[in-house]
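Below is one structure; the comments refer to it alone.
Numbering starts at 1 and runs along the sequence shown.
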Amino acid sequence: MSSQKTEVLVVGAGQAGVAMSEHLTNRGVPHIVLERDRIAERWRTGRWDSLVANGPAWHDRFPGMEFDDLEPDEFAPKERVADYFEAYAARFNAPIRCGVEVKSVRKKAGATGFQVDTSEGVFDARYVVAATGPFQRPVIPAVVPESAALQQIHSSSYRNPQQLLAGKVLVVGAGSSGVQIAEELQRSGREVFLSVGPHDRPPRQYRGKDFCWWLGVLGKWEMSAPPKGAEHVTIAVSGANGGHTVDFRALAAVGVTLVGRTASYDNGIMRFATDLAVNVAAGDANYLSVLDEADEYVARNGLDFPEEPEARVLGDAPDSVTNPLLELNLSAAGVTSIIWATGFAVDYSWLKVDNAVDASGKPKHQRGVSAEPGVYFLGLPWQSRRGSSFIWGVWHDAGYVADQIMIQRGYAAHVDDKPLERAQTSTDDSPASILAEKAAV
């Protein structure tokens, strides 16, 4: 079977793949994007029905296009986000092929480039960009056996309260997904237990500005690595119902029972760690620290922002925190369903290339540049900065990866029989552009 040739093959057409395609297009680099489903499919079918973006419309977008039907401070519904990426890709005629599954990528023996086996045949590419992102394999801890008489689903499979069995629900995980699902279930009339682990809890808005703005002006988005010990701390923030600060006291006040981290299960008894008060207090400290830094920023810059002293009034800890529930007989309590909002793992089993991933399957890279020459990653949390996992962050990371590909194209021009065509680039004076252009002369 003859192979189709391209210089760069991008795997995945979510926000990372669309961003990568735009930057490669602007630099005149021939490429193809392969997507096994539809553009931004996970926004359509990999999330619950009522999900909205966690950042406001002015923030959670690419620089080149706004949401034309939303106010800047509104939160885009998930379907609208997917439509946005489809429209964005159409603006520059992105070479995306949907319905094509990549089965394997292998280094070509004794030659440059890679052989990419797909459901639509073989592709020959000099460079490969893995733009499949971090949400590939839902993680459910091995706590409760599948044989238990309980409905167990991951948050990625949750759609709405009606899909659950009648009865109470235990939601495990208090990041954005867990908190929003627990709140939706409580509003639907369900009794909910929420297992709360370590988390950051920024204010949704303070002194008239969204937390996305505050983290930007305070330099938080540009942090290159998480603080030691906080590598897996989740952010509890919500854009639901117009956006609001996540408040565990408020959840407890409307009937949600807070418990500590889910620790173990045996003979129908779920046991929880004794860390609930510590986790809530640490989240409060994170919340107050953002207020402190924001107040200092306002004073230092002489800004006329409205004061908001009531934001510092936290209130008393609820009874479920001061007298924590350490174990629960699920059947006796009427719990019939568990929703595991416990995150995802990456799955690069299709990337059969030496040095690209470590023994645990995680990418080996520096800012998306793989340890295996010619392979690149895009869409990873903390790929270059804290903001990498946000829509605008992946767009900037894609620009960096495109520059690295341009640099390698420049070097490759010195060994190819035919020099590369002079690339068109949106940054004519960039080092990558200069190198590629000199090599092509």
Side-chain angles (χ1 to χ4, degrees), residues 13-23 38-92 94 131 133-135 175-177 179-181 183-184 200-222 234-246 290 294 303 305-306 308 378-379 381 383 385-399:
Q15 58 203 43
V18 172
M20 192 74 247
S21 183
E22 180 184 18
H23 285 286
R38 295 174 293 176
I39 294 173
E41 181 69 19
R42 289 192 182 277
W43 278 100
R44 297 192 188 280
T45 59
R47 293 163 165 84
W48 62 94
D49 296 345
S50 64
L51 177 76
V52 299
N54 278 331
W58 67 262
H59 183 267
D60 279 13
R61 64 177 179 85
F62 287 165
M65 189 172 84
E66 298 180 353
F67 286 90
D68 58 9
D69 57 346
L70 295 174
E71 293 298 322
D73 289 325
E74 286 188 89
F75 299 89
K78 67 185 186 72
E79 288 286 346
R80 181 65 187 86
V81 176
D83 291 342
Y84 174 91
F85 288 121
E86 283 196 343
Y88 198 96
R91 291 173 75 240
F92 60 94
F135 306 122
S176 294
S177 296
V179 167
Q180 291 179 55
I181 291 172
E183 187 174 38
E184 177 173 270
D200 283 349
R201 189 175 74 86
R204 172 76 270 174
Q205 193 174 85
Y206 182 58
R207 302 188 72 167
K209 296 294 183 182
D210 189 85
F211 99 97
C212 290
W213 188 88
W214 282 117
L215 266 59
V217 299
L218 295 175
K220 303 293 187 182
W221 290 129
E222 296 305 310
T234 60
I235 298 180
V237 66
S238 175
N241 304 305
H244 59 276
T245 299
V246 170
V290 176
L303 299 176
F305 286 5
E308 198 174 334
L378 186 60
Q383 177 157 320
R385 56 175 69 87
R386 183 180 185 177
S388 289
S389 57
F390 277 69
I391 291 171
W392 63 269
V394 78
W395 188 89
H396 288 288
D397 283 345

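Atoms CZ and CG, on R80 and D68 in that order, are 5.5 Å from each other to the nearest 0.5 Å. Expressed to the nearest 0.5 Å, how far CG of D397 lies from OG of S389 amounts to 9.5 Å. Annotation: the span from W43 atom CH2 to R38 atom CZ amounts to 15.0 Å, rounded to 0.5 Å. Here the straight-line distance linking atom CH2 of W221 with atom CZ of R386 works out to 6.0 Å at 0.5 Å rounding. Rounding to the nearest 0.5 Å places CD1 of I391 at 11.5 Å from OH of Y88. Rounding to the nearest 0.5 Å places NE2 of H23 at 7.5 Å from NE2 of H396.
Residues T245 and R201 form a side-chain contact, since some pair of their non-hydrogen atoms from C-beta on lies under 4.5 Å apart. D210 has its side chain within reach of R204: a pair of non-hydrogen atoms, C-beta onward, lies under 4.5 Å apart.
Side chains of T45 and E41: a donor-acceptor N/O pair is present below 3.5 angstrom, by distance only. A donor atom on one side chain and an acceptor atom on the other are not found under 3.5 Å apart for H59 and W213.
Under a 4.0 Å N-O distance rule, the pair R207/E308 does not qualify as a salt bridge. Ionic pairing of R44 and D83 is present here: one or more N-O contacts between side-chain nitrogen and carboxylate oxygen are shorter than 4.0 angstrom.
Across all non-hydrogen atoms, the minimal contact from V81 to A53 is CG2-CB, 4.5 Å. Residue G55 comes nearest to D60 through the heavy atom pair N-OD2, 3.0 Å, listed as atom of the first residue, atom of the second, then distance. Taking every heavy atom of both residues into account, P203 and F211 meet most closely at O-CB, 2.7 Å. When all heavy atoms of N54 and F75 are compared, the closest pair comes out as O-CE2, 3.8 Å. When every heavy atom of A89 is checked against every heavy atom of I39, the shortest pair comes out as CB-CD1, 4.2 Å. For the residue pair V246 and S238, the shortest heavy atom distance occurs at CG2-N, 4.1 Å.
Because its NZ or CZ atom is not both nearer than 6.0 Å to the ring centre of W58 and within 45° of the ring axis, R61 does not count as a cation-pi partner of that residue.
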Stepwise salt bridge (charged side-chain N to carboxylate O under 4.0 Å, His left out) check, K209 with D73 = CA-CA 10 Å; K209 296 294 183 182; D73 289 325; over 6 Å; no

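The backbone N or O of V179 lies less than 3.5 Å from no partner atom in the side chain of E183, so there is not a single donor-acceptor pair. Judged by distance alone, with hydrogens and angles left aside, the side-chain atoms of E74 form a donor-acceptor pair with the main-chain N or O of E71 at under 3.5 Å. Using modelled atom types, one side-chain atom of S176 and one backbone atom of V237 make a donor-acceptor pair closer than 3.5 Å. Counting only distance, with no hydrogens or angles, the side chain of W214 and the backbone of V290 share no donor-acceptor pair below 3.5 Å. With hydrogens and angles ignored, the 3.5 Å screen pairs no side-chain donor or acceptor of R47 with any backbone N or O of K78.
By the ring-ring contact (aromatic ring centres under 6.0 Å, His included) test, F67 pairs with Y84, sequence neighbours left out.
Between F62 and F85, a ring centre-to-centre spacing shorter than 6.0 Å is recorded.
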